[in-house]
Amino acid sequence: VNTDRTFGHAVRDLWPLEPGAIYLNHGTLGVTPRPVLAAQAALNEEIEAHPARFMFHELKPRLRAAADRAARIFGGRGQDYVFTDNATAGVNAVLRSIDLGPGDELLITNQTYGAVQNAARYACRRSGADLTTVDLPFPIVGADDVVAALDAALNTRTRLVILDHITSDTALVLPLDRLIARCHAAGARVLVDGAHAPGQIAVDIPALNADWYVGNLHKWYFAPRGCGLLWASEREQASLHPAVISWRLDEGFDAEFDWTGTRNPTPFLCFPNAADVMDDLDAHAVRHYNNSLVRAAADLFAQRFGGPTAPAEMTGAMTLAPLPERLPATHDAARDLRGRLLDQHDIEVSIVAWQGRLWARLAAQIYCEMEDFVRAADAIDAISKS
Ligand SMILES: Cc1ncc(COP(=O)(O)O)c(C=O)c1O
């Protein structure tokens, strides 16, 4: 662990963040570090110097090199990884590739990301399968609660289960090893939606033993926006096709995904540059700083406004923090509060209405300090009394 490194505002210049902006929402879109943006700009120049040579000769080996880098970080072999535009595209690729039919059941949770819920709904609509939503308990005491909820929902008709690695609205790290074992024992395959996981928590994808794993490298791994990652177990690769079918149909997993029509490949090809930045910072130290900071910030909110915090073992670099109970617990109120924080205080933070209360989904990145969260709590307090 890089213990010499000072994080916080001292490293903020690594990102082109606007001076004065308090940015407590790294998770939603990511923020790309300057060295990665510089590498991307240089790569764009290189491509434009001879687009045909680059796209038809250089692209493939460079994509494979980037996939090999992903394998060194997230486990397994480069040939088991492909890049997608984002996590949504990876989820759609899997859903269009599996055979579901009437009588089959696709299981999601009430905390599945909304866009993924839609993709699942659409897959069921087209195939005649049933979509079942399992309610995860909230507030949550521990991982056992999640395992019990899933156990109660699995049945002989369950063909596919979509599980978040880290839930979006509630920012909970789910106990995937136990959940996946349960699904497989029930005869269901598992697609993990790890959109928020790489970079936020330590991830060993093959060790999870899922059937497919979808992630984003533009959220927490510093890649340029538009860098999704898709891993497939060897047994699933032959039948897995991209959401967009192009020239390489049936030529193999890597070939199909490495060319899905003409597009800008720089987010994928700059993943190694992003990984270099993470290595320089020390991935372990980054995770440790972010986890400690976000938990301390949530404790501050809980003391100030009263309410529960998430279990430590289910927390990465984001967590829900309770907001004053006098605020109405509606989506409109959440949108209004978020807008006022941004407009009046230059604070960007995600606000969610969940189970009868408003919560701030706090996200810590190494450019944040406790002072930023204190200012957010002060601003929310003032707004709630106005
Ligand atoms: C759990 C989860 N899945 C999927 C996504 C979608 O990511 P993208 O918009 O990059 O496809 C998100 C985005 O926040 C998410 O939180």
Side-chain angles (χ1 to χ4, degrees), residues 23-32 70 82-96 106-123 133-134 136 138 146 160-176 179 190-201 203 205 208 210 212-231 242-244 257 260 263-264 266-268 270-271 274 294 310 314-320 334 338 348-352 354 359-365:
Y23 209 82
L24 307 180
N25 189 15
H26 188 89
T28 291
L29 298 165
V31 191
T32 316
V82 292
F83 293 95
T84 58
D85 289 337
N86 46 49
T88 308
V91 166
N92 275 275
V94 173
L95 286 174
R96 77 124 67 195
L106 195 172
L107 196 68
I108 58 174
T109 81
N110 62 332
Q111 301 190 22
T112 300
Y113 186 67
V116 174
Q117 289 195 28
N118 278 347
R121 194 169 295 130
Y122 186 70
T133 303
V134 52
L136 301 184
F138 185 88
V146 182
L160 174 70
V161 183
I162 303 180
L163 293 172
D164 289 314
H165 203 166
I166 301 179
T167 60
S168 181
D169 270 2
T170 50
L172 292 166
V173 182
L174 298 188
L176 281 187
L179 298 176
V190 181
L191 163 60
V192 175
D193 178 356
H196 272 286
Q200 187 178 160
I201 56 174
V203 175
I205 294 176
L208 289 170
W212 308 269
Y213 188 105
V214 160
N216 268 331
L217 301 173
H218 57 234
K219 284 185 186 291
W220 293 91
Y221 224 97
F222 302 149
R225 208 156 293 110
C227 189
L229 188 69
L230 169 61
W231 174 93
V244 174
F257 280 86
T260 60
R263 60 184 166 168
N264 186 337
T266 58
F268 314 143
C270 289
F271 169 62
V294 89
M314 297 179 76
T315 303
M318 300 194 302
T319 196
L320 281 195
R338 182 174 177 171
E348 165 62 21
V349 63
S350 178
I351 306 290
V352 296
W354 192 260
W359 308 77
R361 191 192 68 178
L362 305 178
Q365 186 48 278

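All ligand and atom numbering here is 1-based and tracks the order in the structure. This one's a predicted model, so the numbers in the text were calculated from it and none came from an experiment.
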Ligand-side contact atoms (ligand 1) for residue partner [X], heavy atom cut-off under 4.0 Å:
| X | answer |
| --- | --- |
| Ser168 | 1 (C), 16 (O) |
| His218 | 10 (O) |
| Ala195 | 2 (C), 3 (N), 4 (C), 5 (C), 12 (C), 15 (C) |
| Asn86 | 8 (P), 10 (O), 11 (O) |
| Asp164 | 1 (C) |

Of all the non-hydrogen atoms in the protein, which one sits nearest to [atom], and at what distance?
| atom | result |
| --- | --- |
| atom 10 (O) of ligand 1 | Asn216 ND2, 2.8 Å |
| atom 9 (O) of ligand 1 | Thr88 OG1, 3.8 Å |
| atom 3 (N) of ligand 1 | Asp193 OD2, 2.5 Å |
| atom 13 (C) of ligand 1 | Lys219 NZ, 3.0 Å |
| atom 6 (C) of ligand 1 | Tyr113 CE2, 3.4 Å |

Where do Arg361 and Thr28 land on the side chain to side chain donor-acceptor pair (under 3.5 Å) test, with the steps shown first? CA-CA 10 Å; Arg361 191 192 68 178; Thr28 291; 3.0 Å; yes
Please determine, by modelled atom types, if His26 and Trp220 share a side-chain donor-acceptor pair under 3.5 angstrom. no
Could you walk me through whether Thr84 and Leu229 pass the side-chain contact (heavy atoms from CB on, under 4.5 Å) test, one step at a time? CA-CA 6 Å; Thr84 58; Leu229 188 69; over 6 Å; no
At under 4.0 Å between heavy atoms, which part of Thr112 makes contact with ligand 1: side chain, backbone, both or neither? neither
Any idea which heavy atoms bring [X] and [Y] closest together, and the distance?
| X | Y | value |
| --- | --- | --- |
| Val203 | Ile205 | CG1-CG1, 3.4 Å |
| Gln117 | Asn110 | NE2-O, 4.0 Å |
| Pro175 | Met314 | CD-CE, 4.5 Å |

Show, in sequence, the C-alpha distance, side-chain angles and deciding distance for Thr112 and Asp193, and conclude whether the side-chain contact (heavy atoms from CB on, under 4.5 Å) test is met. CA-CA 9 Å; Thr112 300; Asp193 178 356; 5.7 Å; no
Does ligand 1 come near enough to Ala89 that some N or O of the ligand is less than 3.5 Å from an N or O of the residue? no
Pairs of nitrogen or oxygen atoms closer than 3.5 Å, one from Thr167 and one from ligand 1: do any exist? no
Any donor-acceptor N/O pair, Thr167 side chain to Asp169 backbone, under 3.5 Å: no
Does the ring center of Phe83 lie less than 6.0 Å from the ring center of Phe257? no
Quick check on His165 - does any of its heavy atoms sit under 4.0 Å from an atom of ligand 1? no
